[in-house]
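Report on the structure given below.
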Amino acid sequence: MKEKIPYKIYLDETEIPKYWYNVRADMKTKPAPLLNPGTHQPLTAEDLAPIFCEELIKQELDNDTAYVEIPQEIRDFYKMYRPSPLVRAYCLEEKLGTPAKIYYKFEGNNTSGSHKLNSAIAQAYYAKNQGLKGVTTETGAGQWGTALSMACAYLGLDLKVFMVKVSYEQKPFRREVMRTYGASVTPSPSETTEIGRAILKEHPGTTGSLGCAISEAVEVATKNEGYRYVLGSVLNQVLLHQSIIGLETKTALDKYGVKPDIIIGCAGGGSNLGGLIAPFMGEKLRGENDYRIIAVEPASCPSFTRGTFAYDFCDTGRICPLAKMYTIGSNYIPAPNHAGGLRFHGMSTVLSQLYHDGYMEAVAVPQTKVFEAAEMFARVEGILPAPESSHAIRVAIDEALKCKETGEEKNIVFGLTGTGYFDMVAYEKFNDGVMDDYIPTDEELAESIKTLPQV
Ligand SMILES: *Cc1c(COP(=O)(O)O)cnc(C)c1O
């Protein structure tokens, strides 16, 4: 199904898309395949079967099907909180005195507080359908774990979460939300897995990273009968599920005859950005329309802007597949900045390829500048944004201020991925003026890049 059917016909009476859109179908250069970490051969569905759910493997490997039907049960779940609001930021525009029109797609209006729920429910659904007992996962800031624990509770699946230690300690409430929904939560690195023990031996006192937690969760999934591992970002399947963000955004903008000039999203593993831009990127790839697309990442973990485009491990323990992506090295443990969801060393292979081919731009921003933007946004728009989302706010504001200088009335759309109510320790640091801007040196990054596998 590669034909260019306008996505609109896929909407049902609630304006929720009936199909996800797979941008890979329209990419001339497809993202490079995942490789077996031992043999360096492309991974097959069989190789992946001990780790991932069957249907999700199909979605992961499918570079050709443009539209994938959303199962009715998932659409019924989506109906509880979708379509999510697309809001015109009138008060922010006025505060900035900009002629630009700013819109944001708000994904924080569900109980889990972020866009992660869009993929959590899909992944939990396919695990349940396969007859599994449960799933394992990692969580950084806790949004993914929270979303997945909600989805697993809804479907009656067991869930074991490995939570990056710094977040486990900084965000005890996040942890309790997950436990309330029935998940077990272990701080990572932990003594409960082989890989955790090895990492602790090598880096005693480490505050952990997503890469460490992934290694532990995969180990537990492969060693327990009836369990598989699920991941909240980076993977092709996650970008596919998140395309619902972009499809709804496009529908709403089309309804009001608004064509975005600039589309902005924060990028951790790339799922919200990949989802938000999907239908717009599709048009760009097919030569039907042009948009400026900007990925925003933290200056403390600059995969796109200072990384290398190469095969690398997705995890610190080096047991996961190799992915060709922009990476600062799987050994790199980023400084504990406050946007936990953006502390991943790599990036989605889809976005990496698109960035490499010049279809999008990237900017890195320091965290105090991000919190300045977050606070301004909260005061004028009322929503208290997640630190991750605030990266996109920062650049949306910067672009709107450029319009103020030039007098251009650009349409700026950004993804507001979630709320920041569990991030008050970070806001406290900012309010007290004790937040710092850690930026890695070239030497540190060069040291980490040396550890890339030779492929
Ligand atoms: C996880 C998360 C992100 C970053 O993840 P992506 O996969 O890059 O989207 C951004 N914002 C929020 C609120 C998150 O929870």
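Computed from a prediction, not measured in an experiment: that's the story for all the values here.
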Give every donor-acceptor pair under 3.5 Å between a side-chain atom in residues 144-151 and any protein atom, sequence neighbours left out.
unit_1: Trp144; atom_1: NE1; unit_2: Thr137; atom_2: OG1; d: 2.7
unit_1: Thr146; atom_1: OG1; unit_2: Gly142; atom_2: O; d: 2.6
unit_1: Thr146; atom_1: OG1; unit_2: Arg174; atom_2: NH1; d: 3.2
unit_1: Ser149; atom_1: OG; unit_2: Gly145; atom_2: O; d: 3.1
unit_1: Ser149; atom_1: OG; unit_2: Thr146; atom_2: O; d: 2.8

### Message
Filter on ring pair (Phe, Tyr, Trp, His ring centres under 6.0 Å), then keep only pairs touching residues 399-421, sequence neighbours left out; what's left?
### Response
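Every pair satisfying ring pair (Phe, Tyr, Trp, His ring centres under 6.0 Å) with a residue in residues 399-421: Tyr104-Phe414.
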Checking the side chain of [X] only, and the main-chain atoms of [Y] only, is there a donor and an acceptor separated by less than 3.5 Å?
X      : Y      : answer
Asn289 : Glu283 : no
Asp312 : Ser330 : yes
Thr327 : Gly329 : yes
Asp423 : Pro387 : no
Thr98  : Ala100 : yes
Asn110 : Ser112 : yes
Asn411 : Asp261 : no
Glu381 : Cys91  : yes
Thr65  : Val68  : no
Lys284 : Tyr359 : yes

### Task
Return the orientation label for the Tyr229 and Phe52 ring planes: parallel under 30°, perpendicular over 60°, tilted otherwise.
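The rings of Tyr229 and Phe52 sit tilted, inter-plane angle from 30° to 60°.
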### Task
Check the angle between the aromatic planes of Tyr326 and Phe304 and answer parallel, tilted or perpendicular using the 30° and 60° thresholds.
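Tilted.
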### Message
If the condition is salt bridge (charged side-chain N to carboxylate O under 4.0 Å, His left out), which residues does Glu202 pass it with, not counting sequence neighbours?
### Response
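Glu202: no salt bridge (charged side-chain N to carboxylate O under 4.0 Å, His left out) contacts found.
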#### Entry: salt bridge (charged side-chain N to carboxylate O under 4.0 Å, His left out) partners for Glu107, two or more places apart
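Only Arg82 meet the salt bridge (charged side-chain N to carboxylate O under 4.0 Å, His left out) criterion with Glu107.
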Residue list, side-chain contact (heavy atoms from CB on, under 4.5 Å) with [X], at least two apart or on another chain:
X      : value
Arg306 : Pro302, Ile439, Pro440, Asp442, Leu445
Pro172 : Arg175
Glu60  : Leu34, Leu235, Asn236, Gln237
Arg88  : Tyr90, Glu93, Lys101, Tyr103

Residues in ring-ring contact (aromatic ring centres under 6.0 Å, His included) contact with [X], at least two apart in sequence or another chain:
X      : answer
Phe371 : Tyr427, Phe430
Phe280 : Tyr291
His345 : none

Under a 4.5 Å cut-off applied to non-hydrogen side-chain atoms, are [X] and [Y] in contact?
X      : Y      : answer
Ile245 : His115 : yes
Glu248 : Ser84  : yes
Thr139 : Val185 : no
Phe77  : Leu155 : no
Leu86  : Tyr256 : no
His391 : Pro298 : yes
Ser271 : Leu239 : yes
Met163 : Met178 : yes

### Message
Do Ser188 and Glu138 pair up side chain to side chain, a donor and an acceptor below 3.5 Å, judged on atom types alone?
### Response
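Glu138 and Ser188 do not have a side-chain donor-acceptor pair below 3.5 Å.
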#### Entry: Closest contact, heavy atoms only, Ile412 versus Ala396
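For Ile412 versus Ala396, the nearest heavy atoms are CD1-O, 4.0 Å.
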### Task
Could you pull out the closest heavy-atom pair between Val23 and Met281, with the gap in Å?
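What the structure gives for the nearest pair is CG2-CG, 3.9 Å.
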Check [Y] with [X], please: is the shortest side-chain N to carboxylate O separation under 4.0 Å?
X      : Y      : value
Arg179 : Glu176 : yes
Asp398 : Lys402 : no
Lys165 : Glu169 : no

Distance check, rounded to the nearest 0.5 Å: [X] atom [atom1] versus [Y] atom [atom2]?
X      : Y      : atom1 : atom2 : value
Gln367 : Arg394 : CD    : CZ    : 13.5 Å
Met435 : Glu372 : CE    : CD    : 10.5 Å
Asn272 : Gln242 : CG    : CD    : 7.5 Å
Ile393 : Thr417 : CD1   : OG1   : 8.5 Å

### Task
Can you run down the side chain to side chain donor-acceptor pair (under 3.5 Å) pairs that involve residues 432-441, sequence neighbours left out, and say none if there aren't any?
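Sorted pair list: Thr368-Asp437, Tyr438-Glu444, Thr441-Glu444.
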